[in-house]
Amino acid sequence: MNDSTKKQRFQAAVMPHINSAFNLARWLTHGHADAEDIVQEAYLRAFKFFDGFHGEDGRVWLLCIVRNTFYTWYQQNKVQSQHTQFEEELHSSNEESDILDDANPERILIQKDSQRLLQQAMRELPIEFREVMVMRELEDLSYKQIAEIIQIPMGTVMSRLGRGRKQLAAILAVNNGGAK
Amino acid sequence: MNHEEALILLPAYVDKELSLSEAVNFERHLNSCDECQREYNEQIHVSALIKNNTKYFEATPQFTKRLEADLPADRTKATQQKSPNSFWNLNWVNTWGSGGVITASLLAIVWSTSLFLATPSAQDKLTEELVSSHVRALEVDHLSDVISTDQHTVKPWFNGKLDFSPPVIELASTGFPIEGGRIDYIDGRTIAVIVYRHNKHPINLYIWPSTNKDSDIQRTTRNGYNIVNWTGEGMNYWAISDLDTGKLQEFAKSVRLEVNSNQRS
Ligand SMILES: [Zn+2]
C-alpha cells in the first residue's frame with residue numbers, strides 16, 4: 001500500500017472517532033492532559049498497526065487500542081497514585097465548571113447538584129464497570145462491540161452492566177444521604 | 001423462565017439485546033414478579049441518568065489538529081513487513097492454489113508439514129486467547145503469582161503445578177529481569193507464564209509443550225501488541241508485550257539462545 005493512500009484511508013476510517021477515543025480515555029484517566037496523552041499514543045499505535053485493519057468497525061478497532069494503551073499507562077503510573085489522587089481533586093473543580101458551561105442557564109440551579117453527584121458517582125465506580133457503562137450509555141455500542149473491544153464474552157458484558165448500574169445506584173443513594 | 005434466569009438476563013432486556021423469543025419469555029416472568037420489576041426500574045432509571053446527565057468529553061479542535069499533524073508522514077512502510085515463512089498467511093496459499101501450481105492434496109501436505117499444525121483460524125484463536133490473557137493480567141494487576149527476580153525461586157514454584165517443566169531463563173544481564181511467574185489456562189491446557197520486564201514494559205512469556213518441529217521466530221501484532229512465537233526443544237514459546245517489535249525480537253533471540261545452550265550443557 002502506498003503511504004499517502006495509507007494516510008488517506010487512516011484519516012477516513014480512524015480519525016472520525018477521535019471524540020469516542022477521547023471520551024473513553026477521559027473517563028478512564030479522569031484527567032484532561034492524561035487523556036490527551038493516551039489518545040495521542042493510541043493514534044500513533046493505530047497508525048503503525050493500520051496494515052492489520054481490514055475495514056472492520058473503525059470505532060471498535062480504535063477503542064480497543066485506546067483501552068490497551070490506557071491499561072499499559074495505568075500499570076506504569078500506579079506507583080504515583082497518591083499524586084494522581086491529588087490531581088484528581090484539582091480536576092474535579094474544573095469538571096464542575098465544564099458542566100456549567102454546557103448546561104442550559106435556567107436549569108443550572110436545579111441540575112447542578114444532581115449532575116455533580118452523578119458525575120462523582122461515575123468516578124467512584126470501579127474501572128471494569130465504568131468502562132462498560134461509558135461504552136454502552138455514552139457510546140451506544142452493542143454488547144457484541146463492547147465484547148470485542150474488551151475481549152470478554154457477551155455474557156460478561158451483560159453482567160458487568162447489570163452490576164455496574166446497581167453499584168452506581170448504591171453510590172448515589174449513599175452520596176445523596178439516602179434521599180432519592 | 002424462572003426468577004434466577006430472569007435476573008441474569010435482565011440487563012440484556014434493558015439494553016434490548018435479547019432475541020424476540022427470549023424477550024417474550026422474559027416479559028412473561030417480569031409481569032408476575034415484583035422483585036424483577038423493581039430491578040428493571042432501577043436499571044432503566046440509572047441507564048437513563050447516565051445517558052442524559054453525564055458529560056461526554058470531546059477532544060478539543062486544537063488537539064485534533066495537533067494529532068493529525070503528528071501522524072508519521074512517509075516512512076512507515078518498512079515497519080510492518082510480514083515474516084516470509086508464515087504458513088498461515090492466506091495470500092501465500094491463495095497465490096499457489098489459484099496458480100494451479102499445487103493441487104489440493106499437495107496443499108494438504110504443505111499444511112501438515114508446516115511448522116504449525118494449527119489451521120489459520122486455530123492459530124488466530126490462540127493469538128486472541130494469549131493477548132486476552134496478557135491484557136487481563138495487566139487489568140487486574142495480576143501478572144505474577146510468585147514474585148521474584150530470581151530464577152531459582154520461580155522455577156521450583158512451578159513444580160507440581162504443571163505436567164511439564166518450563167525453562168526459566170535468567171536474562172537480567174541483557175536487560176530483561178524476571179519479575180515472576182504464574183499459571184494460565186489457555187487453549188484447553190495449563191500454561192506456564194514467566195513475566196519479564198524491560199524498563200517499564202512487562203513481557204509475558206507463555207510456555208507449553210509442543211509436538212511440532214522447531215521453528216524460527218515469527219512476528220505478528222494484535223490489538224496494538226507485539227507478539228513473537230517459536231517452537232524449540234519440544235516447547236512452544238509466545239511472548240507478548242507493548243515493547244517495540246525489534247526489542248521483543250531481541251528478547252526472543254536471547255531466550256532461545258539460552259534454552260539451546262542449557263540443553264547442550
Ligand atoms: Zn423475578
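No hydrogens, no waters, no symmetry mates; every other heavy atom, side chains included, goes into these values. Chain identifiers are assigned alphabetically (A, B, ...) following the order of the sequence lines, protein sequences preceding nucleic acid strands; residue numbering begins at 1 within each chain. Predicted model only: the values in this text are computed from it and were never measured.
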**Q.** Contact check, side chains of B/T221 and A/K48, non-hydrogen atoms, under 4.5 Å
**A.** no
Q.
Between A/M15 and chain B, with a heavy-atom cut-off of 4.5 Å, which part of the residue counts as in contact: side chain, backbone, both or neither?
A. side chain
Q. In terms of heavy-atom proximity below 4.5 Å to chain B, should A/L168 be classed as side chain, backbone, both, or neither?
A. side chain
**Q.** Note, B/T60 side chain near A/H32 side chain (heavy atom, < 4.5 Å)
**A.** yes
Q.
Given heavy-atom pairs under 4.5 angstrom as the criterion, report whether the side chain, backbone, both or neither of B/R222 touches chain A.
A. neither
Q: Working to the nearest 0.5 Å, report the span between CD1 of B/I50 and CE of A/M122.
A: 5.0 Å
Q.
Whether B/E39 and A/R165 form a salt bridge (side-chain N of Lys/Arg under 4.0 Å from carboxylate O of Asp/Glu) is what I want to check.
A. no
**Q.** Listed partners of B/E22 passing side-chain hydrogen bond (donor to acceptor under 3.5 Å, both in side chains), at least two apart
**A.** B/S19
**Q.** Point-to-point distance, once rounded to the nearest 0.5 Å, from OG1 of A/T72 to CG of B/D242
**A.** 4.5 Å
Q | Contact residues of residues 5-16 of chain B (partner chain A; heavy-atom separation under 4.5 angstrom) | A | B/I8, B/L9, B/P11, B/A12, B/V14, B/D15
Q) Can you say whether A/L138 sits under 4.5 Å from chain B via the side chain, the backbone, both, or neither, judging by heavy atoms? A) both
Q. How many angstroms lie between atom OG of B/S47 and atom CG of A/L161, to the nearest 0.5 angstrom?
A. 8.5 Å
Q. Taking A/N68 for the side chain and B/N223 for the main chain, is one N or O donor matched with an acceptor at less than 3.5 Å?
A. yes
Q: Taking A/N19 for its side chain and B/E58 for its backbone only, find out whether a donor-acceptor pair lies under 3.5 Å.
A: no
Q. Taking atom CG of B/N226 and atom CZ of A/R45, what is their separation to the nearest 0.5 Å?
A. 9.0 Å
(Q) Given heavy-atom pairs under 4.5 angstrom as the criterion, report whether the side chain, backbone, both or neither of A/S20 touches chain B. (A) both
(Q) Can you confirm whether B/E68 sits close enough to A/Y43 that some side-chain heavy atom of one is under 4.5 Å from a side-chain heavy atom of the other? (A) no
Q) So do the side chains of A/Q75 and B/K200 get within less than 4.5 Å of each other, counting heavy atoms only? A) no
(Q) Give me the atom names and distance for the closest heavy-atom approach of A/E139 to B/Y56. (A) OE2-OH, 2.6 Å
(Q) Has B/Q43 got a side-chain atom pairing as donor or acceptor with A/G162's backbone, closer than 3.5 angstrom? (A) yes
Q: Check the angle between the aromatic planes of B/F57 and A/W27 and answer parallel, tilted or perpendicular using the 30° and 60° thresholds.
A: perpendicular
**Q.** A/K144 atom NZ: more than 12 heavy-atom contacts under 6.0 Å
**A.** no
Q | Spacing of CG belonging to B/D70 relative to CZ belonging to A/F47, to within rounding of 0.5 Å | A | 12.0 Å
(Q) Nearest 0.5 angstrom please: B/K55 NZ to A/Q115 CD, how far? (A) 9.5 Å
Q. Tell me, do A/R136 and B/E17 make a side-chain contact under 4.5 Å, heavy atoms counted?
A. yes
Q | Residue A/F53 versus chain B: region with a heavy atom under 4.5 Å | A | neither
